[in-house]
Amino acid sequence: MNIQKRINALRSAMAQKGIDIYIIPTADFHHSEYVGDYFKFREYMTGFTGSAGTAVFTRKKAGLWTDGRYFIQAEQQLAGSGIDLYRSGEPGVPSIEEFLEKELQEGQILGFDGRTISYEEGTSYRQLAEQKHASVNFLQDLASEIWTDRPDLPSEPAFLLEDQYTGEGIESKLTRVRLKMKEYGCDTHILSSLDDIAWLFNIRGNDIAYCPLVLSYAIVYNDSVELFADTSKFSDTLLQLFVQQQIILHPYEEIYDTVSQFNENQTVLLDSRIMNYSLYRKIPEVVTVVDRPNPEILMKCIKNDVQIENLKAAHLKDGIAHTRFMYWLKTNSGEFPVTELSASQKLEEFRAMQDGFIGPSFAPISAYGEHGAIVHYSADEESNVELKPGKLFMTDTGGHYLQGSTDITRTVAIGEAGQVEKEHFTLVVRAMLRLASTIFLHGCSGTNLDCIAREVFWKKGLNFNHGTGHGVGYLLNIHEGPISFRWKEGTTPSQTFEKNMVITDEPGLYIKNSHGIRIENELLVTEADHNEYGQFMKFEVLTLVPIDLDALLPEQMTFEEREQLNNYHQLVYKKISPYLPEAEKEWLKHYTRAV
């Protein structure tokens, strides 16, 4: 069935249900960043495969809203579909709310599956509808009406991540969470975010694409826990552990009936930003609700010392794999055909050789030449091209290991790159190094520091249309809040950096129809000096992979920047070379030479 036939089928279903406008987000029932195949209704309806975007269908119009990472990709994938692309945040582009305000008429019905919309979003849509003297129907899952070959919900087993990896047991974590519940005056705490649940109970699974999580909900009480998940996913060992911790297991879908039976004597802690609209609406109005960010969010963002040591081991393994891949790429380029897909597969093979490797931590980006300008490009059999001399090749990839997760981007020259590409590459390297070497006072956030990376671009009238960095989960979501490097404040205050937080440093530059460059290292937040001015903080680089000197113009760097690069390359050689065969070791020695 082509896209137009699917749109016609959707509009027919809308007419049968009396729905005039229907919203389809990129979401599961848990507000996850990546979703399993069962939840990819927006992709099914539009053909757009990016990980972020919302589609809106009226009886006559269709639109897709996505952010700057996906403008080029969405433009290409929507071509000929009849679906208009709305570039979110660009001047003159209406937001979804502004579009709805114009299109929704008095007496009409705005529809969506309330399980796939956050409570905040659902409330916004309901208020907008009321202002237009219209109404909302949030109980219609039109995917089940028209998606005849919809995949099943995943059923793979869950597993326990042992204390040697987590550094903290379930009992200790529950104690900390219950102290926060007491501080907020709550006796009940609802969790619907999968990474918070996985962190709290030290469980992992394979229900979400690239995220080792288990589809589940949880309710924490003062002396017990109710966990809602497919009971067949848990081994006898895990079930016995649940009994020891007073964790009662229920079928996944029973969460809605359970919260509907809450009473006026309960005070419930929840996070409406990441709770779905249908679940929130099941809570009786007589219940007192304390709406605050889940305490687990900040707890899991600050890694413990055991996790930090594990993460360093994971980055060593990842550095070995990625360095061996770069050697393979550089020495074999031109010897036999290498494509975007075969290169990506080869990099994963090198990772798979490392002990404790579980799988990729997100959809790999393997982008040659002009494809690099598509920030979140995803190669497929149709777009796949051969890597030929004269252009840049970018890989943005990562791995999940039992000892943690990695996220790294490297851009390399295939043969001799052009002068403009080298100038842009040097700008990106300079930006990455400057941010990594920053020393700052405790109390700073990524909003304070982001311009340190962007300054080299802004001075030349250039910019990149994505954040400079994001928090990284420990065998959880590779993109983890609440920290980031962003020069624009979001809707919530920026989180200050604390010791043992982990964040990426990934500036880039993207020239449409020509090339794209991104260099990414992960940084560990550590303490520097403490004096009469306060506690100073700094970053320790975790990523151990060389930067391509073949694409660099050292004469366009300051002395300090060259020194930073040389010091980094000395560290890479010291850490990685002992694990390489002799030929690769000699190559790395030359490849990390001082500039």
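Along the sequence shown, residues carry numbers from 1.
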Novice: Looking only at heavy atoms, what is the nearest atom pair of Val220 and Leu174, with distance?
Specialist: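 Nearest pair, atom of Val220 first, then Leu174: CG1-CD2, 4.2 Å.
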Novice: So, for Tyr221 and Arg178, which heavy atoms are closest and what is the spacing to 0.1 Å?
Specialist: O-NE, 2.8 Å
Novice: Check whether Asp28 reaches the backbone of Val35 with its side chain - one donor and one acceptor, N or O, closer than 3.5 Å.
Specialist: no
Novice: Write down the atom of Leu64, the atom of Ile83, and the distance for their closest heavy-atom approach.
Specialist: N-CG2, 3.8 Å
Novice: How far apart are the closest heavy atoms of Arg42 and Gly50, and which atoms are they?
Specialist: NH2-O, 2.9 Å
Novice: Is there a donor-acceptor contact under 3.5 Å from the side chain of Glu348 to the main chain of Pro360?
Specialist: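 Not at all, since once roles are kept as given, no pair shorter than 3.5 Å links the two residues.
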Novice: Near Glu171 CD, under 6.0 Å, is it more than 12 heavy atoms from other residues, nucleotides or ligands?
Specialist: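 No, CD of Glu171 has 12 or fewer neighbouring heavy atoms, counting only those of other groups under 6.0 Å.
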Novice: Can you check whether Asp196 reaches Met299 side chain to side chain, under 4.5 Å on heavy atoms?
Specialist: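 Not in contact.
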Novice: When you measure from the side chain of Arg59 to the backbone N and O of Ile19, does any donor-acceptor pair fall under 3.5 Å?
Specialist: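 Yes, because the side chain of Arg59 sits within donor-acceptor range (under 3.5 Å) of the backbone of Ile19.
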Novice: Here's a test for you: under salt bridge (Lys or Arg N to Asp or Glu O under 4.0 Å), which of Arg6, Arg11, Lys17 qualifies with Glu145?
Specialist: Lys17
Novice: If the threshold is 4.0 Å, N to carboxylate O, is there a salt bridge linking Glu480 and Lys303?
Specialist: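 Yes, this pair counts.
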Novice: Name the one of Tyr277, Tyr125, Tyr280, Tyr119 that satisfies ring-ring contact (aromatic ring centres under 6.0 Å, His included) with Phe138?
Specialist: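 Between Phe138 and the candidates, ring-ring contact (aromatic ring centres under 6.0 Å, His included) is satisfied uniquely by Tyr277.
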Novice: Tell me if a side-chain donor or acceptor on Asp195 pairs with a main-chain N or O of Leu476 at a distance below 3.5 Å.
Specialist: no
Novice: Between Thr26 and Ser51 (side chain of the first, backbone of the second, donor and acceptor by atom type, cut-off under 3.5 Å), is there such a pair?
Specialist: no
Novice: Minimum heavy-atom separation for Ile503 and Gly471, please, with both atom names.
Specialist: CG1-N, 4.1 Å
Novice: Please work out which of the three classes, parallel, tilted or perpendicular, describes the rings of His30 and Tyr217, given edges at 30° and 60°.
Specialist: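 Aromatic pair Tyr217/His30 classed tilted.
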Novice: State yes or no: are the ring centers of Tyr401 and Tyr165 separated by less than 6.0 Å?
Specialist: no
Novice: Between Ser272 and Asp291, what is the shortest heavy-atom contact and its length?
Specialist: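 The answer is OG-OD2, 2.5 Å.
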Novice: Can you find a pair of side-chain heavy atoms, one from Ile219 and one from Val259, that are under 4.5 Å apart?
Specialist: yes
Novice: Output yes when Lys102 and Glu98 qualify as a salt bridge under the 4.0 Å nitrogen-oxygen rule, no when they do not.
Specialist: no
Novice: Using atom types as modelled and distance alone, determine if a side-chain donor or acceptor of Gln131 lies under 3.5 Å from a backbone N or O of Leu128.
Specialist: no
Novice: Around atom CD of Glu285, are there more than 12 heavy atoms from other residues, nucleotides or ligands closer than 6.0 Å?
Specialist: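 Atom CD in Glu285 is not packed in, count stays at 12 or less.
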Novice: Quick one: are the ring centres of His400 and Tyr210 less than 6.0 Å apart?
Specialist: no
Novice: Answer yes or no: does atom NZ of Lys282 have more than 12 heavy-atom neighbours from other residues, nucleotides or ligands under 6.0 Å?
Specialist: no
Novice: Using modelled atom types only, decide if a donor and an acceptor are shared between the side chain of Thr46 and the backbone of Phe48 within a distance under 3.5 Å.
Specialist: yes
Novice: Please verify the inter-ring angle class for Trp147 with Phe41; under 30° counts as parallel, over 60° as perpendicular, anything in between as tilted.
Specialist: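 Aromatic pair Trp147/Phe41 classed parallel.
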Novice: Please determine whether side-chain contact (heavy atoms from CB on, under 4.5 Å) holds for the pair Phe228 and Leu215, giving the CA-CA distance in whole Å, both sets of side-chain angles, and the decisive distance to 0.1 Å.
Specialist: CA-CA 9 Å; Phe228 301 82; Leu215 286 174; over 6 Å; no
Novice: Taking the side chain from Thr397 and the backbone from Thr395, do they hold a donor-acceptor pair closer than 3.5 Å?
Specialist: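 Checking the backbone N and O of Thr395 against the side chain of Thr397, no donor-acceptor pair under 3.5 Å is found.
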Novice: Would you say the side chain of Ile483 lies within less than 4.5 Å of the side chain of Cys301, judging by non-hydrogen atoms?
Specialist: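 Yes, at least one pair of side-chain atoms sits under 4.5 Å.
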Novice: Any Lys/Arg nitrogen of Glu296 or Lys173 sitting under 4.0 Å from an Asp/Glu carboxylate oxygen of the other?
Specialist: no
Novice: Hey, is the main chain of Ala198 close enough, under 3.5 Å, to the side chain of Arg204 for a donor-acceptor pair?
Specialist: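 Yes; at least one donor-acceptor contact below 3.5 Å.
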